[in-house]
Amino acid sequence: QVQLVESGGGLVQAGGSLRLSCAASGRTFSSYTMGWFRQAPGKEREFVAAITWSGGVTVYADSVKGRFTISRDNAKNTVYLQMNSLKPEDTGVYHCAVRIGGGNWNDRNVYGYWGQGTQVTVSS
């Protein structure tokens, strides 16, 4: 059974940092683009970042450019999201997913195998 498990969330003050991990099991996703999305209370799930299978191409939402860094370790079947200079508006549940369809990288409908997510709360 394919499973993605996110970890690393928590409560942090504004300006702080967190590193999220997304571990895949059940199969390898080393040949797939992987993405991170987040969902704040009462809002739709939004794109955060994505990375190609080789790690050679990364894409970020404008709201996190220069502060977040996505990376991956295919040997560990794990994707990471380093989050620096966190802001209260970064608060939400962060999910990772596998890009399984064509279309825009920031379109959540082209992703699947969603994990349960990890809560990130940034206090002001």
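In this chain, numbering begins with 1 at the start of the sequence shown. Values below: every heavy atom of this structure, side chains too, minus hydrogens, waters and symmetry copies.
A donor-acceptor contact shorter than 3.5 Å links the side chain of R72 to the backbone of T52. N77 places no side-chain N or O within donor-acceptor distance of the main-chain N or O of S25, the cut-off being under 3.5 Å. Within the 3.5 Å criterion, the main-chain N or O of N106 finds no donor-acceptor partner in the side chain of N104.
Only one option out of V12, D90, L20 pairs with M83 in a side chain to side chain contact (heavy atoms under 4.5 Å, CB included); it is L20.
Note that CD of Q13 is 5.0 Å distant from OG of S123, once rounded to the nearest 0.5 Å. Rounded to the nearest 0.5 Å, atoms CZ (R67) and OG (S17) are 10.0 Å apart.
Here Q3 pairs with nothing under the side chain to side chain donor-acceptor pair (under 3.5 Å) rule; sequence neighbours left out.
Between G92 and Q119, the shortest heavy-atom distance links the atoms O-NE2, 3.5 Å. Counting all heavy atoms, side chain and backbone alike, A14 lies closest to S124 at CB-CA, 4.4 Å. Nearest heavy-atom pair, R108 versus R45, reported as atom, atom and distance to 0.1 Å: NH1-O, 3.3 Å.
Looking only at side-chain heavy atoms (C-beta outward), R38 and S63 come within less than 4.5 Å of each other. No side-chain heavy atom of V79 sits under 4.5 Å from any side-chain heavy atom of C96. When side chains are defined from C-beta on, Y60 does not count as touching I51, because their heavy atoms never get closer than 4.5 Å.
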Note to self: Working note: M34 + V98, criterion side-chain contact (heavy atoms from CB on, under 4.5 Å); need CA distance, chi angles, decisive distance, verdict.
What the structure shows: CA-CA 5 Å; M34 302 288 293; V98 182; 3.6 Å; yes
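Linking Ile, Leu, Val, Met, Phe, Trp and Tyr residues whenever their side-chain heavy atoms come within less than 4.5 Å leaves Y80 and V120 in two separate clusters. Put simply, V93 and L11 are part of two different groups of oily side chains (I, L, V, M, F, W, Y) that touch within less than 4.5 Å, one to the next.
Cluster partners of V57 are F37, F47, V59, W105, V110, Y111, W114, counting Ile, Leu, Val, Met, Phe, Trp and Tyr whose side-chain heavy atoms approach within less than 4.5 Å, directly or via other members.
Under the ring pair (Phe, Tyr, Trp, His ring centres under 6.0 Å) criterion, the residue pairs touching residues 2-35 are F29-Y32, F29-Y113, with sequence neighbours excluded.
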